[in-house]
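Written below as structure tokens is the structure these notes are about.
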Amino acid sequence: MRLRNIPGSREAIAESPFVIHEDIMREKKGCWDTVFEHAQPLYLEIGMGKGRFITELALQHPDRNYVGIEKYSSVLVRALERRGQPGAPCNLLFLRMDAEDLTDVFAPGEVSGIYLNFSDPWPKDRHAKRRLPGHEFLARYDQVLTPDGRVEFKTDNRALFDFALAEARESGWHLDACTFDLHHDKEMMQGNIMTEYEERFAAQGNAICKLILSR
């Protein structure tokens, strides 16, 4: 993924009150309910991009707490701009980190749900272990999720979606729901929040795929 560098993005992230910083995020493991104003179920979006999806989700569900995870500063800073606007949700914070470190930051059973939206497909075979719906990441999700926690994944990349289905099956996850054309699936479209990528790809005529997994 090639991203345009935004001058001052690292400084803005370092100064933001909405970011839990690297030097203390591991100290929050097992006590994330103390970070927010209210102790509520915790949900994550991994690779949240500019934050449109998770910001809207947090607004719609004030009875939940949300953490957006993004490893690229130039993307995270856009989510911070959205978070700082009037009317932004107070139940939303951010982490600048790599999802590989998920189990270092969240304790077993601490997370109620995980969202993966339009994740980088990492198309080369040698990069398969970096794919967020792959079995190595599913093992990490399994460690931090509550017993009834779920993973939701959306993409317009059919090859990545087929890979995700195969990895989930081989890893012993249960497929709760699946569609290869979300925007024409009335049941699964209920309550759907579009990301920036989803809006763009759908406008281009690309079918959006979605699955929901549990253990």
Side-chain angles (χ1 to χ4, degrees), residues 1-26 28-29 32 35 42-58 65-85 88-89 91-106 111 113-134 136-138 140-141 144 151-157 159-161 163-164 193-202 204 206 208:
M1 179 184 293
R2 186 169 184 174
L3 298 171
R4 180 173 62 87
N5 180 56
I6 297 179
S9 58
R10 287 183 177 270
E11 291 79 5
I13 291 168
E15 296 170 0
S16 174
F18 307 127
V19 178
I20 304 298
H21 298 289
E22 187 174 359
D23 56 341
I24 62 171
M25 67 173 66
R26 285 170 174 77
K28 306 303 179 184
K29 182 177 180 177
W32 278 94
V35 176
L42 179 64
Y43 291 77
L44 312 179
E45 184 184 7
I46 301 176
M48 64 165 187
K50 297 178 182 179
R52 172 178 170 178
F53 174 86
I54 197 169
T55 300
E56 182 60 33
L57 201 61
N65 292 327
Y66 292 90
V67 170
I69 296 174
E70 177 56 56
K71 67 178 180 178
Y72 297 109
S73 297
S74 293
V75 180
L76 174 54
V77 74
R78 296 306 189 200
L80 291 180
E81 293 171 356
R82 191 187 301 271
R83 177 64 175 82
Q85 294 176 356
N91 55 333
L92 171 61
L93 295 171
F94 304 110
L95 299 177
R96 183 187 176 278
M97 60 173 279
D98 195 302
E100 291 182 354
D101 300 325
L102 202 66
T103 56
D104 295 331
V105 177
F106 299 96
V111 177
I114 293 173
Y115 299 93
L116 311 173
N117 291 311
F118 300 88
S119 308
D120 193 326
W122 293 104
K124 295 182 180 178
D125 289 343
R126 68 175 184 272
H127 294 152
K129 67 180 181 179
R130 300 184 184 182
R131 298 170 189 162
L132 291 179
E136 293 188 14
F137 279 101
L138 287 173
R140 295 181 175 98
Y141 309 151
V144 303
V151 174
E152 299 193 15
F153 172 54
K154 287 195 291 188
T155 183
D156 73 318
N157 188 308
L160 181 62
F161 193 71
F163 168 83
I193 298 171
M194 287 204 290
T195 73
E196 292 91 340
Y197 281 124
E198 182 175 353
E199 189 173 65
R200 182 194 310 170
F201 294 146
Q204 294 171 355
N206 297 3
I208 307 300

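Reckoned from all heavy atoms, side chains included, excluding hydrogens, waters and symmetry mates. In this text the structure is predicted, and so the values were computed from the model without any measurement.
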Output, in order, the C-alpha distance, side-chain angles, deciding distance and verdict of side-chain contact (heavy atoms from CB on, under 4.5 Å) for F201 and T195. CA-CA 10 Å; F201 294 146; T195 73; over 6 Å; no
Should M97 and E22 be marked as a side-chain contact (heavy atoms from CB on, under 4.5 Å) after you check the CA-CA gap, both sets of side-chain angles, and the distance that decides it? CA-CA 8 Å; M97 60 173 279; E22 187 174 359; over 6 Å; no
For E100 and F137, what are the C-alpha separation, side-chain angles and deciding distance, and is it a side-chain contact (heavy atoms from CB on, under 4.5 Å)? CA-CA 7 Å; E100 291 182 354; F137 279 101; 3.8 Å; yes
Evaluation steps, side-chain contact (heavy atoms from CB on, under 4.5 Å), between W32 and N65: CA-CA 9 Å; W32 278 94; N65 292 327; over 6 Å; no
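Of the inter-residue distances, the one linking Q204 atom CD with E199 atom CD reads 11.5 Å to the nearest 0.5 angstrom. From L138, atom CG reaches atom CD1 of I114 across 9.0 Å, with rounding to the nearest 0.5 Å. Taking OG from S16 and CZ from R83, the interatomic distance works out to 8.0 Å, rounded to the nearest 0.5 Å. Rounded to the nearest 0.5 angstrom, L44 CG and I69 CD1 are separated by 5.0 Å. Within the model, atoms OH of Y115 and NZ of K154 stand 10.0 Å from one another, a figure rounded to the nearest 0.5 Å. Between the CZ atom of F118 and the CE atom of M194 there is a distance of 9.5 Å, given to the nearest 0.5 Å.
Using a 4.5 Å cut-off on side-chain heavy atoms (C-beta onward), Y141 and V111 make no contact. Looking only at side-chain heavy atoms (C-beta outward), Y197 and I208 stay at 4.5 Å or farther from each other. No side-chain heavy atom of L95 sits under 4.5 Å from any side-chain heavy atom of V19. Counting heavy atoms from C-beta outward, N157 and N206 have side chains that stay 4.5 Å or more apart. When side chains are defined from C-beta on, R52 counts as touching R82, because their heavy atoms get closer than 4.5 Å. Residues K28 and V105 have side chains not in contact (no heavy-atom distance under 4.5 Å, counting atoms from C-beta outward). Here the side chains of F53 and E196 are not in contact, with every heavy-atom distance at 4.5 Å or above. Counting heavy atoms from C-beta on, the side chains of F161 and D156 never come closer than 4.5 Å.
Closest approach of T103 to K29, counting heavy atoms only: O-NZ, 2.8 Å. Across I46 and A99, no two heavy atoms sit closer than the pair CG2-CB, 3.6 Å. Taking each heavy atom of E70 and L76 in turn, the nearest pair found is CG-N, 4.0 Å. R96 approaches S73 most closely through the heavy-atom pair NE-OG, 2.6 Å. The two atoms that bring G68 and L92 nearest to each other are N-CD1, 4.2 Å, heavy atoms only. Between P133 and F163 the shortest heavy-atom distance is C-CE2, 4.4 Å.
A donor-acceptor pair under 3.5 Å links the side-chain atoms of T55 to the main chain of G51, judged by distance alone. A donor-acceptor pair is defined here as one N or O able to donate and one able to accept, closer than 3.5 Å; no such pair exists between the side chain of D101 and the backbone of D104. W122 places no side-chain N or O within 3.5 Å of a backbone atom of L132 that could act as its donor or acceptor partner.
Within a 6.0 Å radius of CD in E81, other residues, nucleotides and ligands contribute more than 12 heavy atoms.
For the residue pair N117/E198, the side-chain donor-acceptor check at 3.5 Å is not satisfied.
Between Y43 and Y66, the gap from one ring centroid to the other is short of 6.0 Å.
For D120 and R131, the salt-bridge test fails: no basic side-chain N is under 4.0 Å from an acidic carboxylate O. One finds no salt bridge joining K50 and E56 here, because no Lys/Arg side-chain nitrogen approaches an Asp/Glu carboxylate oxygen to under 4.0 Å.
In this structure E15 satisfies the side-chain contact (heavy atoms from CB on, under 4.5 Å) test with no other residue, sequence neighbours excluded.
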